[in-house]
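Okay, so here's the structure we're looking at.
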Amino acid sequence: MTLDRSAGLVETARALAAGEVSSRTLVERSLARIEATQDSLNAFRIVRAKAALAEAEAADRELADGVRKPLLGVPVAVKDDMDVAGEPTAFGCRGEHPAVAEDGEAVRRLRAAGAVIVGKTNTCELGQWPFTEGPAFGATRNPWSTGHTPGGSSGGSAAAVAAGLVPAALGSDGAGSVRIPASWTHLVGVKPQRGRISTWPRGESFQGITVNGTLARTVADAALLLDAASGNHERDPHRPPAVEAFAAVGRDPGRLRVALALKPPFTAVPARLLPEVRARVVELAEKLAGLGHFVEEADPPYGQIGLAFVPRATAGIAEFVTESPFPALLDRRTHGAARLGRLLGGAPLRAARRAEAVLHRRIGGFFDGYDVVLAPTTAAPPPRIGAMARLSGFATDRAMIAACPYAWPWNVLGWPGVNVPAGFTPGGLPVGAQLLGPANSEPLLLSLAAQLEAELRWHELWPPRPEPEPAMDVTAG
């Protein structure tokens, strides 16, 4: 048998446990793919070649001794806003950042599950934008079309998984930063319940709107990584009840009531769902109806939810800017957002935090009539590289809201959402749709996503190979 770049997390973990391949062989192959594509895709900020190979050899010794862990020996990547001991956490910023002493809680849990961290993936500065570009590292490119962005801010993780450099990766999502790049690179992207995957050493990231999540080619792979990374530090303020994500993948979701929500939440600047994206989302809704679900158009009562988002997002940026070791090197737009965050950091921020409970009651009531919301993940396909990179702060915000008006409300709510591939525009660019649910609904969303995947087989489609690569014979591992 062979194990090539199409092997996902579940298949790779199985092959390792069965002794069909060594972790060192897999990590060597992953490192070779990263090196071969770094000039064309630029997915990684840090590649841990020496450390990852040593960790792979340690995993092989454990496997030989009969030790079994969910991800023992499997190469994965994490976004460069997560602490990995011995590596800097630059979070997309310029400067020679110091190495951190300890793993963040999510990384610690991945290691406890046996995963080998091959590197840290690129993200835009402080994760603010739906593109992954900047003077600190250049531009990360979309494997489906290298003239376009993979999205952001978890664009490096998305590019790495979409191109088969690693079978799965962690990202973070503060306004769609897992779901947007998943949408634009034809991946499954899970934004879990707030607190499901710890953001420690920050108890709350960006005033609680940012959570860590997973990117993978299949629902099962995304769920397996979610289970492995889930859990809390003893000082985490948000500790949701445990769920079994992977066990939900093979479960029949039953006949669900699905609200097709095509209207963007209210924003201060215009946002319009482009016809080529709308068509793909409507086709997905028709597929759900064909599977026996009740589907009708209905929009959650978002109201003025943006008033609860902006103070939290900008106050979070202000906190990071205050802590920055190199503030003079930050983008002018970052400083502008931080100034706004400092202005809104008192009474407006407190009001925004209090509003969450009201929003939970109002939007939670919507789920008395529906089980799941199906919405576009973005209003537009991925922009070209550089389209937003040099705009002013106001122009960037306008462009960002126009392209991505759908994802951020669920960050205010702290509830789960799953991007699923919805197909391609006539120009061949990937777009996606979100399955959104109330608190702690990851099992339901994942079971529904897996039902769609079984019908649509989206994981069988691959972007063009950056270069020819032979399959690997694992029997020689």
Side-chain angles (χ1 to χ4, degrees), residues 105-106 172-179 188-200 202-214 219 222-223 226-227 229-233 236-249 251 253-254 256-259 261 265 293 298-303 305-306 308-309 312-313 352-375 377 406-420 433-450:
E105 183 66 14
S172 60
D173 190 313
S177 284
V178 162
R179 290 163 289 158
V188 176
V190 180
K191 174 216 170 298
Q193 177 74 22
R194 182 183 299 145
R196 177 78 60 218
I197 301 178
S198 176
T199 55
W200 195 264
R202 291 182 178 272
E204 286 193 324
S205 185
F206 290 89
Q207 293 290 320
I209 62 173
T210 294
V211 302
N212 291 331
T214 63
V219 178
L226 177 60
D227 280 342
S230 290
N232 294 109
H233 188 276
D236 274 339
H238 302 287
R239 306 170 70 89
V243 298
E244 294 183 342
F246 186 69
V249 171
R251 192 179 302 151
L256 302 178
R257 301 163 298 170
V258 179
H293 303 290
D299 297 300
Y302 288 121
I305 192 172
F309 175 80
R312 296 171 73 169
R353 297 299 303 254
R354 289 195 301 270
E356 187 176 309
V358 176
L359 291 164
H360 280 169
R361 289 193 295 272
R362 188 172 76 223
I363 299 174
F366 184 77
F367 287 98
D368 292 339
Y370 299 98
D371 302 299
V372 175
V373 172
L374 172 67
T377 302
Y406 289 99
W408 57 269
W410 245 246
N411 295 91
V412 175
L413 298 167
W415 294 345
V418 178
N419 176 80
V420 295
Q434 301 177 91
L435 302 173
L436 303 169
N440 305 306
S441 59
E442 291 100 324
L444 177 65
L445 300 179
L446 290 166
S447 65
L448 182 59

Quick one: are Arg179 and Asp173 in side-chain contact, heavy atoms under 4.5 Å?
yes
Nearest heavy-atom approach of Thr210 to Ser172 is CG2-CB, 4.1 Å
Side chain to side chain donor-acceptor pair (under 3.5 Å) test vs Glu204 passes for just one of Arg194, His238, Arg312, namely His238
I want to check something: taking the side chain as every heavy atom from C-beta on, are Leu435 and Val373 in contact at a cut-off of under 4.5 Å?
no
Can a donor-acceptor pair be found, under 3.5 Å and without considering hydrogens, that links the side chain of Trp410 to the backbone of Gly437?
yes
For the CZ atom of Phe309 and the CD atom of Gln207, what is their distance to the nearest 0.5 Å?
12.0 Å
If only atom types and distance count, is the side chain of Asn440 paired as donor or acceptor with the main-chain N or O of Pro240 below 3.5 Å?
no
Which atom pair, heavy atoms only, marks the closest approach of Ala308 to Val412?
CB-CG1, 4.0 Å
Donor-acceptor check, side chain of Gln193 to backbone of Glu442, threshold 3.5 angstrom: yes or no?
no
Please tell me if the side chains of Leu445 and Val372 come closer than 4.5 Å, counting only heavy atoms from C-beta onward.
yes
Any donor-acceptor pair under 3.5 Å linking the side chain of Asn232 with the backbone of Arg239?
no
Can you tell me how far apart CG (Leu446) and CD (Glu244) are? Round to the nearest 0.5 Å.
12.5 Å
Minimum heavy-atom separation for Ala450 and Val219, please, with both atom names.
N-CG2, 3.8 Å
Does the side chain of His360 reach to within under 4.5 Å of the side chain of Leu413, using non-hydrogen atoms?
yes
Run Ile363 and Tyr302 through side chain to side chain contact (heavy atoms under 4.5 Å, CB included) and show every step you take.
CA-CA 7 Å; Ile363 299 174; Tyr302 288 121; 3.9 Å; yes
Quick one: pull up CD in Glu356 and CD1 in Ile305 and give me the separation to the nearest 0.5 Å.
9.0 Å
Which atom of Pro301 lies closest to which atom of Arg362, heavy atoms considered:
O-NE, 2.8 Å
Could you tell me whether the side chain of Val418 reaches within less than 4.5 Å of the side chain of Val188, counting heavy atoms only?
yes
Trp415 versus Ser441: any side-chain heavy-atom pair under 4.5 Å?
no
I want to check something: taking the side chain as every heavy atom from C-beta on, are Arg196 and Pro416 in contact at a cut-off of under 4.5 Å?
no
Any side-chain heavy-atom pair of Leu256 and Leu444 under 4.5 Å:
yes
Could you measure the distance from the NZ atom of Lys191 to the CG atom of Asn212? Nearest 0.5 Å is fine.
11.0 Å
Minimal heavy-atom distance between Gly176 and Ala407, with the atoms involved, is CA-CB, 3.5 Å
Closest contact, heavy atoms only, Ala261 versus Tyr406
O-CE2, 4.3 Å
At what distance, to the nearest 0.5 angstrom, does OG of Ser177 lie from CZ of Phe206?
8.5 Å
Separation of Ile197 CD1 from Leu226 CG (nearest 0.5 Å):
5.0 Å
Main-chain N/O of Gln434 paired with Thr377 side-chain donor or acceptor, under 3.5 Å
yes
